[in-house]
Protein chains: 2
Amino acid sequence: MLRDVTIPLEPAEHLGGSATNDGVDGDDGSHRAVRSDAQRNHHRIVVAAREVFALQGSDASMVSIAHRAGVGAGTLYRHFPHRIDLVEAVYRVDVEELAVAAESAVRDLAPWEALRDWLDSFLRYSLGKRVFLTELRESFEKNPELKLRSRERVEQSFALVLENAQRAGVARTDIDGSDLMLLVGGMCTGPTLVGAQGERLLAMVLDGLRVTP
Amino acid sequence: MLRDVTIPLEPAEHLGGSATNDGVDGDDGSHRAVRSDAQRNHHRIVVAAREVFALQGSDASMVSIAHRAGVGAGTLYRHFPHRIDLVEAVYRVDVEELAVAAESAVRDLAPWEALRDWLDSFLRYSLGKRVFLTELRESFEKNPELKLRSRERVEQSFALVLENAQRAGVARTDIDGSDLMLLVGGMCTGPTLVGAQGERLLAMVLDGLRVTP
DNA sequence: ATATTAAGTGGACGAAGATTCCGTTTACTG
DNA sequence: CAGTAAACGGAATCTTCGTCCACTTAATAT
């Protein structure tokens, strides 16, 4: 996938950042366009990072990523001031897919089935994207003030499917989306999780979630 | 496997590694007793670590702990070859308390109440001992082969209260102690957990856990 | 007491990684 | 083509982990 869906790029003005200006020149008009080599390097770094993360896990060093991308450390840090920025760039597409899946589930399925199916998608996703969830968790742990876009996007999806089920009267109303994300996300980032175990636990959580008839 | 019941609280032994020469070796006969300064330093390091962890959180450096204990880095590493060994030593008492609480709950309460109460204790404990759970999780993530005694002790407690309820027919039988620990522990190590949220989620988990009448 | 000796000590040291700094290069613009 | 700001890259710095080893000391033997 080289040219992916044009993700609505945001002004990117959260703290310190403005790092992930994704190659596309926003026609502000007042300043120069983004240089072509910068665009190219940005892309190469993301690709290299994806490869290295897949290969070495989440303890890959920044310099090794820079080296594989064929750029210097300074260049990497110019584009991604913090490690988490790079991680977010790598997994942006996946997160977007999850969010879209939540929306289609809500649109196409009955409320309870939408909730169940999307949680199941999330679970299967987690099993493959442990690196991402781990990194996310760790940066958030280190600095809870940090607003992580991908995190918020996922939280929105949790809220979407849950509130949809709550409005339909099939899910208990004393918990909210971030509660549920804490529970399911926490279990999915557990280092010991294996496939069948996740399904068992998810079934139990769904039983606890369903409104008692 | 039977495990030796640790009668004394502060024998100067090493954890981890392969040398599981545990506790006060009674009649090895051939070697010297533990030197008094070694014993003293062991204790001072644990005390210093407790203070530093409480003060700086889990990202406290080993050298800063060594310095506060008034010993060199080498001494610290002699006593605690890995960071997790130190963490376990610091929180050993707390873990033991939890385990004892599980046993008394099972002894003194009805099965379901024992399960509920102990999970609640675990939750309240987690809120205060975030450092411990985080460290535990991280070392386990880095090396899943590692056998961590405190982790096993907690897992045993989960299994105890759960299986007790299952035998009494009040808890679903398709999950086991480590499943439950993954779920509840995962949620408790979440960086965003706050008091009321934990209680809400725990109530839900208990609903999902209770056998449907 | 004193000598012996193995265990214990502490800080210097090297590896490794994160992040910054800055002289040089390069792609746009006029 | 020249001017310029942006981007580059890698050397330099900083921090922490963990090891090593020459020296010290407490327990034991004499």
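Residue numbers begin at 1 in each chain, while the letters A, B, ... track the order of the sequences. Remember, it's a predicted structure, so these values are computed and weren't measured experimentally.
- Residues meeting the ring pair (Phe, Tyr, Trp, His ring centres under 6.0 Å) test with A:Phe122, sequence neighbours left out: A:Trp118, A:Phe158.
- Contact annotation: A:Asn41 reaches the phosphate of D:dC8 (side-chain N/O to OP1 or OP2, under 4.0 Å).
- Atom CD of B:Gln56 is separated from atom P of D:dT15 by 14 Å (rounded to the nearest Å).
- Nucleotide C:dG17 holds its P atom 14 Å from the CG atom of A:Leu76, rounded to whole Å.
- Applying the salt bridge (charged side-chain N to carboxylate O under 4.0 Å, His left out) test to pairs two or more places apart or on separate chains, those with a residue in residues 181-204 of chain A are A:Arg200-B:Asp179.
- Note: NZ (B:Lys142) to P (C:dG17) measures 12 Å, nearest angstrom.
- Under the rule for a ring pair (Phe, Tyr, Trp, His ring centres under 6.0 Å), the partners of A:Phe132 that lie at least two apart in sequence or sit in another chain are A:Tyr91.
- Note on A:His79: a side-chain N or O is less than 4.0 Å away from OP1 or OP2 of D:dC8.
- Between the P atom of C:dG10 and the CD1 atom of B:Ile45 lies a distance of 9 Å, rounded to the nearest Å.
- Identified under the ring-ring contact (aromatic ring centres under 6.0 Å, His included) test for residues 50-72 of chain A, with sequence neighbours left out: none.
- When rounded to the nearest whole Å, the span between CD1 of A:Ile65 and P of C:dG17 equals 12 Å.
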Sugar-phosphate or base contact per nucleotide [nucleotides 18-28 of chain C; S, B, -; heavy atom under 4.0 Å]: SBBB----BSB
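- Judged by distance alone, the side chains of A:Thr173 and A:Gln166 never bring a donor and an acceptor atom under 3.5 Å apart.
- Every residue two or more places apart in sequence or in another chain was checked for a salt bridge (Lys or Arg N to Asp or Glu O under 4.0 Å) with B:Asp117, and none qualifies.
- At the phosphate of C:dG10, OP1 or OP2 sits under 4.0 Å from a side-chain N or O atom of B:Thr75.
- Note: CZ (A:Arg44) to P (D:dA7) measures 16 Å, nearest angstrom.
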